[in-house]
2 protein chains.
Amino acid sequence: MKAAEKAYQELRSSIIDGSHPPGSRIIEQEVAAAAGVSRTPVREALRRLEAEGLLRFVPNQGAFVRSWNAQDVEDIFELRAMLEGYAARLAARSASDAQVAELQSLAEQQRDAARRRSRGWLNRVADLNARFHDLLQEAAQSERLAATLATLSNLPLVLQTFRDYQDEDLERSAHHHLELVEAIKARDPVWAESVMHAHVMAARRVFRTLHSNGKD
Amino acid sequence: MKAAEKAYQELRSSIIDGSHPPGSRIIEQEVAAAAGVSRTPVREALRRLEAEGLLRFVPNQGAFVRSWNAQDVEDIFELRAMLEGYAARLAARSASDAQVAELQSLAEQQRDAARRRSRGWLNRVADLNARFHDLLQEAAQSERLAATLATLSNLPLVLQTFRDYQDEDLERSAHHHLELVEAIKARDPVWAESVMHAHVMAARRVFRTLHSNGKD
DNA sequence: TGACGGTTAATTGTATACAACCCGGGGGGC
DNA sequence: GCCCCCCGGGTTGTATACAATTAACCGTCA
């Protein structure tokens with residue numbers, strides 16, 4: 001793997017897993033040492049992460065892990081609802097039969113994993129969920145859309161919310177995915193978009209109730 | 001100005017004005033020489049432009065000016081319609097009185113400039129249009145939204161379409177802006193969003209008719 | 001004691017040097 | 001004559017050295 005890519009991956013995952021909490025400062029030298037590369041590729045990785053909205057640059061002070069307020073959270077979910085909805089719309093038009101089958105398989109696996117609750121089920125469900133959304137974006141066949149969505153869907157905010165789902169939330173999520181597959185099978189763009197919109201709005205609701213009576 | 005910023009500005013404008021046509025390769029050394037800086041800040045500028053969707057990187061081959069197909073164009077307008085619509089929605093909620101007044105002023109100036117056709121009116125209209133959209137985004141008060149929209153609104157595609165507007169298109173554009181101001185004054189988010197959506201859809205129509213019976 | 005200023009250490013920003021890699025041209029083999 | 005391989009120029013990718021800027025510490029003075 002290229003040095004810049006390595007630095008990017010390492011820093012990114014350490015932001016997402018919380019090793020670098022929001023607001024904390026990123027020292028180029030430390031990242032470089034951790035990844036075993038020089039500062040040059042690290043700086044490129046930092047710029048990429050800035051573009052993705054994970055970092056914030058202050059001139060002559062470097063990079064800080066981006067934090068979000070209530071408005072940011074609202075925006076992120078609102079934008080995701082629109083963009084993932086659009087992705088679903090496109091997928092309903094142009095997904096291949098193989099992709100539809102794969103989507104159905106992922107949705108069914110997710111439903112079963114959430115029901116069975118065998119060891120490590122939570123990580124498994126989160127992984128299946130991520131793969132479902134990724135595959136849907138791929139089926140939408142829009143580089144521009146994928147690039148835009150990447151900056152909204154790969155946030156700690158989004159990736160970790162899953163861990164706080166209640167039983168009914170998990171069930172609803174699985175149902176949404178299954179319904180989406182049906183809508184795509186039926187080649188019904190409007191139906192697909194509507195389901196996806198509801199899917200994200202439901203996720204926003206979970207997040208809101210979690211963070212309204214709590215910290216910050 | 002910082003070297004990286006300088007390189008970014010120079011390269012960016014030379015892409016937008018067509019000096020570097022779509023598909024052409026960008027040589028780091030040339031950009032560095034043109035901007036009077038070294039290759040290091042140039043590489044950062046290239047990464048930024050990649051994140052904004054103006055460039056495409058091929059490993060070990062460097063950067064190429066991004067080109068678009070019909071699907072890309074559709075996506076860009078579709079995404080802009082959704083996102084700028086959302087911006088209008090937010091602006092209707094939280095624009096200050098001063099911002100509303102400024103928006104109105106800009107819209108009226110644009111209308112008058114398009115009517116009078118005094119010297120340099122086209123550039124003037126394009127500038128007023130850009131300032132209107134920028135101010136609207138500012139009034140929306142969403143960093144995340146602004147960042148996402150920046151990668152969609154600052155494309156050659158969008159910025160140059162204006163030059164091809166017919167009289168009726170220019171008039172409609174000015175009317176949309178004036179109506180938007182009314183909707184925001186009335187603090188009516190749904191109205192504002194609808195008008196903006198129509199505004200972008202109208203722009204898409206102009207672009208479609210221009211490029212359907214022509215090149216690529 | 002508290003505020004101000006200078007000095008220094010740490011960090012970012014930039015330039016330069018070097019290594020890795022790609023691509024095209026020329027020569028040799030079949 | 002055609003194909004393959006090797007090599008050299010050019011470009012990207014990375015490391016290191018140096019300049020510019022910041023922030024903090026410490027001492028001095030009111």
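Below, chains carry the letters A, B, ... as their sequence lines are ordered, and counting in each starts from 1. None of these values were measured; they are calculated from a predicted model.
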Using the benzene-type ring in the case of Trp, are the ring centres of B:His197 and B:His176 under 6.0 Å apart?
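No, they do not, as the ring centres are separated by 6.0 Å or more.
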
Which of residues 21-37 of chain B sit near DNA chain D, with a heavy atom under 4.0 Å from it?
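Of all residues in residues 21-37 of chain B, the ones placing a heavy atom under 4.0 Å from DNA chain D are B:Arg25, B:Ile26, B:Ile27, B:Glu28.
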
Report yes or no: do A:Arg25 and A:Gln61 form a side-chain donor-acceptor pair below 3.5 Å?
no

Measure the shortest side-chain to side-chain distance between A:Arg204 and A:Glu78 over non-hydrogen atoms and say whether it is less than 4.5 angstrom.
yes

Once you round to the nearest 0.5 Å, how far does CD of A:Glu84 lie from CG of A:Leu136?
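These two atoms lie 7.5 Å from each other.
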
Could you measure the distance from the CZ atom of A:Phe162 to the CG atom of A:Asp127? Nearest 0.5 Å is fine.
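Between A:Phe162 CZ and A:Asp127 CG, I get 10.5 Å after rounding to 0.5 Å.
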
Of all the nucleotides listed (D:dA23, D:dG13, C:dG13), which has the minimum atom distance to the side chain of A:Gln61?
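For A:Gln61, the side-chain atoms sit closest to D:dA23.
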
What nucleotide among C:dT14, D:dT22, C:dC21 has an atom nearest to a side-chain atom of B:Pro41?
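Of C:dT14, D:dT22, C:dC21, C:dT14 is nearest to the side chain of B:Pro41.
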
Using 4.0 Å as the upper bound for N to carboxylate O, is an ion pair formed by B:Arg208 and B:Asp164?
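Between B:Arg208 and B:Asp164 there is no salt bridge, as every charged N stays at least 4.0 Å from the carboxylate O atoms.
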
So does A:Arg43 get a side-chain nitrogen or oxygen closer than 4.0 Å to the phosphate oxygens (OP1/OP2) of C:dG13?
yes

For B:Ser14 and B:Glu10, what are the C-alpha separation, side-chain angles and deciding distance, and is it a side chain to side chain donor-acceptor pair (under 3.5 Å)?
CA-CA 6 Å; B:Ser14 74; B:Glu10 285 212 19; over 6 Å; no

Protein N or O to nucleotides 16-18 of chain D N or O, pairs below 3.5 Å:
{"from": "D:dT16", "atom 1": "O4", "to": "A:Thr40", "atom 2": "OG1", "distance (Å)": "3.3"}

As a test of understanding, state which of B:His199, B:Arg111, B:Glu108 forms a side chain to side chain donor-acceptor pair (under 3.5 Å) with B:His177.
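The passing option is B:His199.
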
